[in-house]
Amino acid sequence: MALQYSTAVRNAKLDAVETAIGVSAVLKIRTGAPPANCTTADSGTVLATCSLPADWMAAASGGTKAKSGTWEDTSADAAGTAGHYRIYASDGTTCHAQGTVTATGGGGDMTVDNTSFAAGQAFTVTGFTLTAGNA
């Protein structure tokens, strides 16, 4: 039988993610595919960097946890096509989460308003939700 958790346990696990990463996390959108895991060195060009709100995720509910507040950068760092993201602790160097980036509706782990970045352009994260397994 597959391991199963109650919704309360799933919510607690999700809320622990934000707690472990900490307040004022840093998001970097990069070109190319994500590295093998968070301990692997950064890859790709940094297209955009933004400091996330102090409380950057909403409280988990029903086994999911969605972004909280506005995640945006008013001036992208470089030009290129977004391929993956990394979320770092507030130091901007300790990677805690990573995944794919697509345009809204594209099915990526994170969605943005436009994956084709130009240096200096504004961008907005339109969707980011964590879902706990083992329901």
Side-chain angles (χ1 to χ4, degrees):
M1 178 172 154
L3 183 62
Q4 295 181 335
Y5 294 116
S6 69
T7 300
V9 169
R10 291 167 53 218
N11 288 344
K13 288 174 67 174
L14 289 169
D15 286 336
V17 170
E18 183 180 18
T19 299
I21 295 172
V23 298
S24 303
V26 175
L27 168 67
K28 294 183 182 181
I29 306 287
R30 298 173 166 273
T31 60
N37 56 57
C38 280
T39 61
T40 302
D42 292 336
S43 66
T45 300
V46 175
L47 299 176
T49 303
C50 69
S51 296
L52 299 179
D55 185 13
W56 52 279
M57 297 290 287
S61 176
T64 63
K65 186 172 182 74
K67 74 179 192 72
S68 179
T70 302
W71 295 18
E72 65 184 358
D73 186 354
T74 58
S75 182
D77 301 334
T81 301
H84 74 280
Y85 72 88
R86 283 187 141 189
I87 297 176
Y88 301 85
S90 61
D91 64 7
T93 60
T94 306
C95 177
H96 286 289
Q98 67 178 19
T100 60
V101 174
T102 61
T104 303
D109 300 313
M110 177 181 288
T111 58
V112 295
D113 56 353
N114 182 359
T115 58
S116 182
F117 283 63
Q121 88 172 49
F123 89 96
T124 302
V125 174
T126 56
F128 182 70
T129 301
L130 302 175
T131 302
N134 305 108

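Being a predicted model, the structure only gives us computed values, none of them experimental. The residues of the chain are indexed from 1 along the displayed sequence.
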Item to check | Residue list, side-chain hydrogen bond (donor to acceptor under 3.5 Å, both in side chains) with Thr126, at least two apart or on another chain | outcome: Thr104, Thr111

Checklist entry - With no hydrogens and no angle check, is any side-chain donor or acceptor of Glu18 less than 3.5 Å from a backbone partner on Met57? => result yes

Checklist entry - Which heavy-atom pair separates Ala118 from Ala76 by the least distance, and what is that distance? => result O-CB, 3.5 Å

Checklist entry - Can you name the one residue among Asp73, Ile87, Thr49 that meets side-chain contact (heavy atoms from CB on, under 4.5 Å) with Leu27? => result Ile87

Checklist outcome for this item: Gly120 and Ser75 have their tightest heavy-atom pair at CA-OG, 3.4 Å

Next on the checklist: Keeping Lys67 on the side-chain end and Gly69 on the backbone end, is there a donor-acceptor pair under 3.5 Å?
Outcome noted: yes

Next on the checklist: Donor-acceptor pair, distance only, cut-off 3.5 Å: does the side chain of Thr31 make one with the backbone of Gly44?
Outcome noted: no

Checklist entry - Are Val26 and Ile29 co-members of a hydrophobic cluster defined by side-chain heavy atoms under 4.5 Å apart? => result no

Next on the checklist: Donor-acceptor check, side chain of Thr100 to backbone of Asp109, threshold 3.5 angstrom: yes or no?
Outcome noted: yes

Item to check | Whether Lys28 side chain and Thr93 backbone form a donor-acceptor pair below 3.5 Å | outcome: no

Next on the checklist: Going by side-chain hydrogen bond (donor to acceptor under 3.5 Å, both in side chains), name the residues that satisfy it together with Thr94, two or more places apart in sequence or in a different chain.
Outcome noted: Asp91

Checklist entry - Nearest heavy-atom pair of Cys38 and Ala97: which atoms, and what distance? => result SG-N, 3.4 Å

Checklist outcome for this item: In terms of heavy-atom contacts, Thr129 and Ala66 come closest through OG1-CB, 3.8 Å

Next on the checklist: Is there a path of hydrophobic side-chain contacts, each under 4.5 Å between heavy atoms of I/L/V/M/F/W/Y residues, joining Val46 to Trp71?
Outcome noted: no

Checklist entry - Is there a path from Tyr88 to Met110 through hydrophobic residues (I, L, V, M, F, W, Y) whose side chains come within less than 4.5 Å of each other? => result no

Item to check | Donor-acceptor contact below 3.5 Å, side chain Asp15 vs main chain Ala60 | outcome: yes

Item to check | Ala33 to Ser43 - nearest heavy-atom pair and separation | outcome: O-OG, 3.6 Å

Next on the checklist: Any heavy-atom pair between the side chains of Asn134 and Arg10 that's under 4.5 Å?
Outcome noted: no

Checklist entry - Taking atom SG of Cys50 and atom CD of Glu72, what is their separation to the nearest 0.5 Å? => result 8.5 Å

Next on the checklist: Membership question, hydrophobic clusters at under 4.5 Å side-chain separation (ILVMFWY): are Val112 and Leu130 in the same one?
Outcome noted: yes

Checklist outcome for this item: Note: His84 and Pro35 closest approach over all heavy atoms is NE2-CD, 3.7 Å

Checklist entry - Is there a donor-acceptor contact under 3.5 Å linking the side chains of Asn37 and Thr39? => result yes

Item to check | Side chain to side chain, Ile21 and Trp56, heavy atoms closer than 4.5 Å | outcome: yes

Checklist entry - What's the verdict on side-chain contact (heavy atoms from CB on, under 4.5 Å) for Asp42 and Arg86, showing C-alpha distance, side-chain angles and the deciding distance? => result CA-CA 9 Å; Asp42 292 336; Arg86 283 187 141 189; 2.4 Å; yes

Next on the checklist: Holding to ring-ring contact (aromatic ring centres under 6.0 Å, His included), I want the full list of residues that pass it with Phe123, two or more places apart in sequence or in another chain.
Outcome noted: Phe117

